[in-house]
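Below you'll find the structure, written out as structure tokens, and then a few comments.
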Amino acid sequence: MLEVRTHTCGELRSDHEGQTVVVQGWAHAVRDRGGLAFLVLRDRHGMIQITIDERCSDAVRSLAKQIRLEYVVQARGVVSRRAEGAINEAMATGQIEIVAEELEILGRTEPLPFAIHEHGSDAKEDVRLKHRYLDLRRPALQHNLMVRHRASQAARRALDELGFVEIETPILTRATPEGARDYLVPSRVHPGQWYALPQSPQLFKQILMVAGMDRYFQICRCFRDEDLRVDRQPEFSQIDVELSFATQPLVRGIAEAVIRTIWRDVLGEEIAEIPILTYAEAISRYGVDAPDRRFGMELVDLTPVLADSAFVPIRRALDDQGIVKGFVVRSGAGDTSRRVLDAYTELVRSYGLGGLLWGKVSAEGVSGPLAKATDDTGRPALLAAAGAEPGDLLLVAAGADKPVHTGLGRLRVHVARERSLIGEGFAFCWVVDFPAFEHDEDAGRWFAMHHPFTSPKAEHLPLLTNGDLGEVYADAYDLVCNGLEIGGGSIRIHDPQVQQQVFSALGIEADEQREKFGFLLDALSHGAPPHGGLALGLDRLIMLLTGAPSIRDVIAFPKTTSAQDLMSEAPSPIPAAQLEELHVQNTRGSA
RNA sequence: GGGGUGGUAGUUAAGUUGGUUAUAACGCCGGCCUGUCACGCCGGAGGCCGCGGGUUCGAGUCCCGUCCAUCCCGCCA
């Protein structure tokens with residue numbers, strides 16, 4: 001018979017000796033020694049050993065023989081101190097055991113597709129995802145979900161204390177141009193019309209500011225139908241924040257307060273003051289806009305010292321207005337094989353570079369492709385500029401600005417990982433002063449780098465109508481930690497005329513502005529306070545807090561890289577009748 | 001859309017130059033075992049070698065295609 005448990009599996013200690021207790025859990029280990037058997041029960045809280053010996057009834061002893069791994073079992077018995085030699089120091093409850101008076105099997109299992117205990121080798125990801133309920137039983141994933149819970153609670157408490165109000169916004173919303181591909185939902189009532197799932201609650205939270213809510217937050221789900229990565233899922237969660245009368249330092253301070261509370265509550269760690277980098281500085285020193293600052297190996301500009309180089313790859317790059325940059329791998333000359341250098345070259349090629357100019361520095365000079373960059377007289381200046389010394393490996397790239405920065409920036413992280421140069425801990429930074437607009441050569445037009453509701457810096461507003469859009473900076477900011485973008489936001493446009501200017505700069509004509517963003521322009525025209533905010537990526541925060549290698553390890557029911565749920569088998573075909581009701585027709589094979 | 005890696009028993013892996021009956025560990029089934037703690041010992045069952053085609057006397061192995069998982073590029077305001 002099912003009883004109410006008196007304790008969880010993890011909480012019993014020697015203080016409980018002599019008490020009769022009831023525990024329930026999964027059979028984590030079954031060790032049948034014949035006349036004596038041990039059963040380890042596990043629940044979310046821990047494990048406890050149940051002992052079945054000559055003190056137990058025949059009924060209990062025969063029932064114990066039936067128990068298999070991962071059966072759900074209830075045990076009633078007396079907490080007893082273990083004999084001196086039988087104490088298990090590695091177990092939180094290892095001082096004691098429960099001598100079974102009654103056992104009951106509450107649930108049985110089919111043979112398991114993979115082992116739950118940590119010592120079982122990891123099954124492949126598709127097997128784990130298909131049986132997600134088993135994968136989630138593993139203590140590592142349970143821990144990740146607990147961290148997620150505590151982080152969410154900490155964020156809620158921090159924001160509540162700062163006067164923020166939690167408000168839900170719609171999941172069925174309007175599709176907007178720009179941005180990521182939308183997930184769409186057909187309307188039954190309005191034939192041929194569609195809802196979109198929100199890529200973020202951006203416009204709703206701005207309108208809540210116009211509505212006078214003053215300070216809003218929400219832990220909300222966002223949906224983007226784009227290809228996935230190790231840190232990207234089609235649906236993900238944000239701690240979404242917006243406030244009226246916001247200045248950039250005010251918003252950053254609030255975000256920091258949230259992050260500090262989370263780190264304190266979850267890890268018991270204090271976060272040091274968070275430095276601020278400009279976008280230009282981040283790109284120049286680290287090659288990427290989300291720098292990993294736990295290690296050095298910063299990029300150095302070698303364009304000036306190689307300005308006269310006749311070496312073809314460098315000459316060609318410089319003649320095409322390109323740049324030459326590099327970084328030093330300290331003492332890397334001796335232990336970096338040709339094979340490894342070829343892999344580095346392959347890596348930077350994937351970012352559009354023609355190749356990698358490496359050089360091994362010794363007292364005699366430089367060996368490798370980089371040797372041809374200068375003659376002997378120019379070499380000391382090159383090495384001095386790079387900061388390279390004998391024994392170092394110098395990795396250099398020449399080409400257009402973007403591939404050089406991206407290629408070297410990614411290579412820098414790759415090399416650091418490979419050589420274990422990345423320390424423990426968290427290196428936060430803010431990245432600010434982003435360009436507001438990016439020019440897309442293929443499309444032949446400008447796109448908003450952040451989003452079209454981001455306010456340009458006040459001093460750059462005149463450039464919107466009569467200047468170079470590439471010179472306009474956005475009043476935007478990203479929060480970065482350990483090379484991951486964990487949050488981003490901006491001061492928004494609250495003046496409808498400025499908003500229209502930005503739309504126009506993006507090539508959205510007046511009638512299209514009216515059609516697609518009329519409700520925003522209307523709202524901004526009815527007493528909109530200056531406002532701004534940001535969103536923190538909850539999933540990525542949890543990855544940092546838990547050290548999880550994949551975003552799938554911090555989401556209870558994640559999808560595969562092809563956006564399927566292998567457990568429920570979504571997406572799935574839909575019966576023709578249901579499609580018809582929605583006024584939708586398949587153009588490819590249907591159910 | 002492009003590139004890399006992987007797919008062999010329930011699971012994780014091994015499988016030589018293409019060669020005759022495809023191995024091992026864990027799990028599962030049966031038996032033994034009174035202080036185990038990833039218990040141990042003995043025995044047994046378990047295979048569409050991802051799928052489809054090709055080469056060959058012969059394919060887990062070679063070739064082509066395809067599917068799935070995963071990592072990356074593009075994409076992700």
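FYI, side chains are in, hydrogens and waters are out, and symmetry mates aren't considered; it's all heavy atoms of this structure. The chains referred to below are lettered A, B, ... by the order of the sequence lines, with proteins before strands, and numbering in each begins at 1.
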Revision key, fill the gap. Closest of B:C71, B:U34, B:A69 to the A:Q564 side chain is B:A69

Check your understanding: Is any side-chain nitrogen or oxygen of A:R33 closer than 4.0 Å to OP1 or OP2 of B:C33?
Key -> no

Point to revise | Identity of whatever pairs with B:U5 - Watson-Crick or G-U, under 3.5 angstrom | key: B:A69

**Study point:** Spacing of A:E485 atom CD relative to B:C76 atom P, expressed in whole Å
**Key:** 13 Å

Point to revise | A:R349 side chain near B:G3 phosphate (N/O to OP1/OP2, under 4.0 Å) | key: no

Practice item. Classify the side-chain pair A:D182/A:Q199 by whether it contains a donor and acceptor separated by less than 3.5 Å. Key: yes

**Study point:** Inter-nucleotide C1' distance (B:G10, B:G27), Å rounded
**Key:** 7 Å

Review point. Can you tell me how far C1' in B:C67 sits from the matching atom in B:G31, rounded to whole Å?
Key: 44 Å

Point to revise | Identity of whatever pairs with B:C29 - Watson-Crick or G-U, under 3.5 angstrom | key: B:G43

Practice item. Using heavy atoms to find the nearest nucleotide of RNA chain B for A:P452 and A:N88 separately, return the residue whose nucleotide is more 5′. Key: A:N88

Exercise for review: Using whole Å, report how far CD of A:E226 lies from P of B:C75.
Suggested key: 10 Å

Check your understanding: Centre of A:F447's six-membered ring, under 6.0 Å away, within 45 degrees of the axis: is that where NZ or CZ of A:R445 sits?
Key -> yes

Review point. How long is the gap from CG on A:N144 to CZ on A:R552, to the nearest 0.5 Å?
Key: 13.0 Å

Practice item. Would you kindly give the NZ-to-C1' distance between A:K559 and B:A69, to the nearest whole Å? Key: 17 Å

Check your understanding: Side chain of A:T560: nearest nucleotide among B:C29, B:A69, B:C33?
Key -> B:A69

**Study point:** Options B:G6, B:C76, B:G27, nucleotide nearest the side-chain atoms of A:L69
**Key:** B:G27

Check your understanding: Out of curiosity, A:D478 CG to A:Y279 OH, how far, rounded to the nearest 0.5 Å?
Key -> 10.0 Å

Review point. Counting just side-chain N and O atoms, does A:S350 come under 4.0 Å of either OP1 or OP2 of B:G3?
Key: no

**Study point:** Whole-Å C1' distance, B:C42 and B:G54
**Key:** 48 Å

Review point. Tell me: NZ of A:K124 to P of B:G50, nearest whole Å?
Key: 11 Å

Review point. If you measure from the P atom in B:C57 to the same atom in B:G50, how many Å do you get, rounded?
Key: 24 Å

Check your understanding: Does atom NZ of A:K457 have more than 12 heavy-atom neighbours, drawn from other residues, nucleotides or ligands, at distances under 6.0 Å?
Key -> yes

**Study point:** Passing candidate, side chain to side chain contact (heavy atoms under 4.5 Å, CB included) with A:P549, options A:D553, A:T546, A:I551
**Key:** A:D553

Practice item. Mind checking A:R55 for me? I need base, sugar-phosphate or nothing, with any heavy atom below 4.0 Å counting as a touch. Key: base

Practice item. Considering only atom P, compute the distance from B:A69 to B:G30 and round it to an integer number of Å. Key: 37 Å

Revision key, fill the gap. Closest to the 5' end of RNA chain B, once A:T561 and A:Q202 are matched to their nearest nucleotides, is A:T561

Review point. Counting any heavy atom closer than 4.0 Å, what does A:V230 reach on the DNA or RNA strands: base, sugar-phosphate only, or nothing?
Key: sugar-phosphate

Check your understanding: Closer than 4.0 Å, any side-chain N/O of A:R410 to the OP1 or OP2 of B:C73?
Key -> yes

Practice item. Rounded to whole angstrom, note down the P distance from B:C63 over to B:U17. Key: 14 Å

Check your understanding: Looking at CG of A:L536 and CD1 of A:I239, how far apart are the two atoms once the value is rounded to the nearest 0.5 Å?
Key -> 5.0 Å

Practice item. Would you classify A:S200 as touching base, sugar-phosphate or nothing, given that sugar-phosphate means primed atoms plus P, OP1 and OP2, and contacts are heavy atoms under 4.0 Å? Key: base

Review point. What do you reckon, is CG of A:D58 surrounded by more than 12 foreign heavy atoms closer than 6.0 Å?
Key: no

Exercise for review: For A:F453, report the nucleic acid contact type (base, sugar-phosphate, nothing); a contact means any heavy atom under 4.0 Å.
Suggested key: nothing

Point to revise | Distance test, side-chain N/O of A:R232 to OP1/OP2 of B:G74, below 4.0 Å | key: no

Practice item. Would you tell me if any nitrogen or oxygen in the side chain of A:Q49 comes within less than 4.0 Å of OP1 or OP2 on B:G35? Key: no

Review point. B:U11 and B:U16: how far apart are their P atoms, nearest whole angstrom?
Key: 22 Å

Point to revise | Nucleotide B:C73, atom P - distance to CD of A:E346 in whole Å | key: 14 Å

**Study point:** Spacing of CZ belonging to A:R81 relative to OG belonging to A:S14, to within rounding of 0.5 Å
**Key:** 5.0 Å

Review point. According to a strict under-4.0 Å criterion, is A:R31 in side-chain N/O contact with OP1 or OP2 of B:C39?
Key: yes

Point to revise | Short side-chain N/O contact from A:K130 to OP1 or OP2 of B:C68, under 4.0 Å | key: no

**Study point:** Pair assignment for B:G19, Watson-Crick or G-U wobble, requiring both distances under 3.5 Å
**Key:** B:C57

Point to revise | Listed nucleotide nearest any side-chain atom of A:R229, set B:U36, B:C73, B:A69 | key: B:C73

Practice item. Report the distance from atom CD of A:E125 to atom C1' of B:U5, rounded to the nearest whole Å. Key: 14 Å

Review point. If you check the A:L129 side chain, which of B:C68, B:C37, B:U70 turns out closest?
Key: B:U70

Review point. When we call it a touch if two heavy atoms are under 4.0 Å apart, what does A:A86 touch: a base, just sugar-phosphate, or nothing?
Key: base

Check your understanding: Taking the six-membered ring for Trp, does A:F38 stack with B:U36 (centroid gap under 5.5 Å, planes within less than 30°)?
Key -> yes

**Study point:** Residue A:D126, side-chain heavy atoms: nucleotide from B:G35, B:A69, B:U11 that is nearest
**Key:** B:A69

Point to revise | d(CG, A:D53; P, B:U34) in whole Å | key: 12 Å

Exercise for review: Would you classify A:D225 as touching base, sugar-phosphate or nothing, given that sugar-phosphate means primed atoms plus P, OP1 and OP2, and contacts are heavy atoms under 4.0 Å?
Suggested key: nothing

Practice item. Write down the distance between CD (A:E569) and P (B:A69), rounded to a whole number of angstrom. Key: 12 Å

Review point. Distance between the P atoms of B:G60 and B:U66, in whole angstroms?
Key: 23 Å

Check your understanding: Base, sugar-phosphate alone, or nothing: which one does A:E97 contact when heavy atoms must sit under 4.0 Å apart?
Key -> base

